[in-house]
Amino acid sequence: MSRPSISVFPKCYFDELVAGRRNYVAWIHDAATLGSEGVEHYDEFFPSYDERDVAPIMDAMAATGQISSMMCFSPDFTHPDKDERARQVERQKRAIDLTVRTGARHCRTLSGQKYPGLSITEGVARAAECISRSLEYAAARNVVLCLENHYKDGTWHYPEFAQQEEPFFALLDALPDSPYLGVQYDPSNALVAGIDPIALLEKVKHRVVTMHASDRFLAPGTTLEQLLTKDGTVGYPDQLTHGETGRGSNDYDAIFRILRSVNFTGWISVEDGMDGLDELRRSIEFLKRKRAEHYGDTGSGRC
């Protein structure tokens, strides 16, 4: 029986890796000590897309015997300028090429930023056009685009346009029905959007191809309802912190039951470690235990 595989993403070092203050090759070697079954990349962790910068990273992956699980990428397809949206499509295409170079099959896509005054109708139209153009390129290269229920890329000014359910599902409905397009589910992002993560998963379970796994912690005496803003979102207030997977607000037993019910066998990528590598290691171990409980203890992730 096939079952999900567990990947790792260095959320804890995101800003340092993007800025170049931390060496990505060194991170690849750190990741090899954590017990994951794959490494999720972010395109801006690579100094450039040139082979001279990509090759050392892939050499480190090969030397440590690790697999590339997916490529995390953040296009801004809702930008008000048409020429900039075209540039973002070209960026997505380059990210798809990088995905192929790493040996991964899945590449994240997003709607873009929630610019002030942007209507759902116009935002969906802009994002759907750009993702559809990117999808043609991805399909020709056997890459699956994964639309995430996202909150906000670390380099953006505004939150995700399709953070809420209405624009997210409107965008999905506007996109082609293709085996090269699926959903990247993130339960913590649902919490931040003021959405029940389990209810959301039930709605998208047949379309989920990859997943981000992390957790959120409410400050003592605080409820999620108290943190909701007038538009129904939470953001990242001090009362809702990012932390170790399995110890916060997400119900991973329910998540794994739903994933098992649809025979999900894709990548689950750990996205935490804010307190360092030991936390990442514990998160990976937790997800492996949950996988064994719900899928059976059959050894490695892909069997």
Q) With the 4.5 Å side-chain cut-off for hydrophobic clustering, are Met58 and Val143 part of the same group? A) yes
Q | Shortest non-hydrogen separation from Pro179 to Val144 and the atoms involved | A | O-CG2, 4.0 Å
Q: May I ask you to check whether over 12 heavy atoms, not counting those of His206, lie within 6.0 Å of atom NE2?
A: no
Q. Can you tell me how far the CD1 atom of Ile284 sits from the CG atom of Leu34, to the nearest 0.5 Å?
A. 5.0 Å
Q: Please report the shortest heavy-atom distance between Trp267 and Ser7, naming the atom on each side.
A: CE3-CB, 3.6 Å
**Q.** hydrophobic_cluster_shared for Leu175 and Leu110, side chain cutoff 4.5 Å
**A.** no
**Q.** Nearest non-hydrogen partners of Phe77 and Val89, listed with the distance
**A.** CE2-N, 3.7 Å
Q) Between Lys205 and Glu202, is the closest basic N to carboxylate O distance under 4.0 Å? A) yes
Q. If every non-hydrogen atom of Asp215 is compared with every non-hydrogen atom of Gly246, which pair is closest and at what distance?
A. OD2-N, 2.8 Å
Q. Is there side-chain contact between Met211 and Pro187, with heavy atoms separated by less than 4.5 Å?
A. yes
Q) Is there a donor-acceptor pair under 3.5 Å between the side chain of Ser111 and the backbone N or O of Ala162? A) yes
Q) Which heavy atom of Phe46 sits nearest a heavy atom of Met71, and at what distance? A) CE1-CE, 4.3 Å
Q: Would you give the length of the straight line joining atom CZ of Phe286 to atom CG of Asp272, rounded to the nearest 0.5 angstrom?
A: 11.0 Å
Q: For Asn189 and Asn149, indicate whether the former's side chain and the latter's backbone hold a donor-acceptor pair under 3.5 Å.
A: yes
Q: Give a yes-or-no answer on whether the side chains of Arg105 and Thr99 include a donor-acceptor pair shorter than 3.5 Å.
A: no
Q.
Regarding Asp76 and Gln88, do their side chains bring together a donor and an acceptor under 3.5 Å, going by distance alone?
A. no
Q.
Within the structure provided, determine whether Met70 and Gln184 are in side-chain contact (heavy-atom separation under 4.5 Å).
A. yes
Q.
Quick one, Gln163 and Val192 - any side-chain contact, counting heavy atoms below 4.5 Å?
A. yes
Q. Okay, side chain of Asp186, backbone of His150: is any donor-acceptor separation there less than 3.5 Å?
A. no
(Q) Is it true that Tyr42 and Asp153 share a donor-acceptor pair across their side chains at a distance under 3.5 Å? (A) yes
Q: Step through it carefully: locate the ring centre of Phe45, locate the ring centre of Tyr13, and say whether they are under 6.0 Å apart.
A: no
Q: Check whether the side chains of Ser69 and Glu40 place a donor and an acceptor atom closer than 3.5 Å, and report yes or no.
A: no
Q. Do NZ/NE/NH1/NH2 and the carboxylate oxygens of Arg281 and Glu285 come within less than 4.0 Å?
A. no
Q) Short question: side chain of Glu37, backbone of Ile6 - any donor-acceptor pair under 3.5 Å? A) yes
Q) Is there a donor-acceptor contact under 3.5 Å linking the side chains of Thr265 and Ser2? A) no
Q) Are Arg87 and Glu90 ion-paired here, with the side-chain N under 4.0 Å from a carboxylate O? A) no
Q) Checking Ser283 side chain against Glu244 main chain: does a donor-acceptor pair fall under 3.5 Å? A) no
Q: Side-chain contact test, heavy atoms from C-beta onward, threshold under 4.5 Å: evaluate it for Ile131 versus Leu171 and give yes or no.
A: yes
Q.
Could you measure the distance from the CG atom of Leu145 to the OG1 atom of Thr210? Nearest 0.5 Å is fine.
A. 10.5 Å
(Q) How about CZ on Arg94, more than 12 heavy atoms from neighbouring residues, nucleotides or ligands closer than 6.0 Å, or not? (A) yes
Q.
Whether the Ser188 and His212 side chains hold a donor-acceptor pair (N or O, under 3.5 Å, no angle test) is what I'd like checked.
A. no
Q. Are side-chain heavy atoms of Tyr115 and His79 found at a separation under 4.5 Å?
A. yes
Q) Are Glu129 and Arg85 close enough for a salt bridge, meaning some N to O gap below 4.0 Å? A) no
**Q.** Arg108 side chain to Phe73 backbone, donor-acceptor under 3.5 Å
**A.** yes
Q: Check whether any side-chain heavy atom of Phe168 lies under 4.5 Å from a side-chain heavy atom of Val204, and answer yes or no.
A: yes
Q) Does Gln92 reach the main-chain N or O of Thr109 with its side chain, forming a donor-acceptor pair under 3.5 Å? A) no
Q.
Would you say that Tyr180 contacts Tyr137 through its side chain, given a criterion of any heavy-atom pair below 4.5 Å between the two side chains?
A. no
Q | Side chain Thr102, main chain Ser68, donor-acceptor under 3.5 Å | A | no
Q: Show your reasoning for whether salt bridge (charged side-chain N to carboxylate O under 4.0 Å, His left out) applies to Arg126 and Glu122.
A: CA-CA 6 Å; Arg126 292 176 187 177; Glu122 179 61 23; 2.9 Å; yes
Q. Centre of Phe256's six-membered ring, under 6.0 Å away, within 45 degrees of the axis: is that where NZ or CZ of Arg291 sits?
A. no
(Q) Looking at every non-hydrogen atom in both residues, tell me the closest pair between Ser214 and Thr245 and how far apart they are. (A) CA-OG1, 3.5 Å
Q. Quick one: does Tyr185's side chain get under 4.5 Å of Pro197's, heavy atoms only?
A. yes
Q: Verify, without hydrogens or angle tests, whether Arg91 (side chain) and Pro75 (backbone) share a donor-acceptor contact under 3.5 angstrom.
A: no
**Q.** Greater than 12 external heavy atoms within 6.0 Å of Glu166's CD
**A.** no
**Q.** Atom pair OH (Tyr151) and CG (Leu191), whose distance is rounded to the nearest 0.5 Å
**A.** 13.5 Å
**Q.** Heavy-atom neighbours of Asp177 CG exceed 12 at 6.0 Å
**A.** no
Q: Please check if the side chain of Lys288 supplies one atom and the backbone of Gly35 the other of a donor-acceptor pair under 3.5 Å.
A: yes
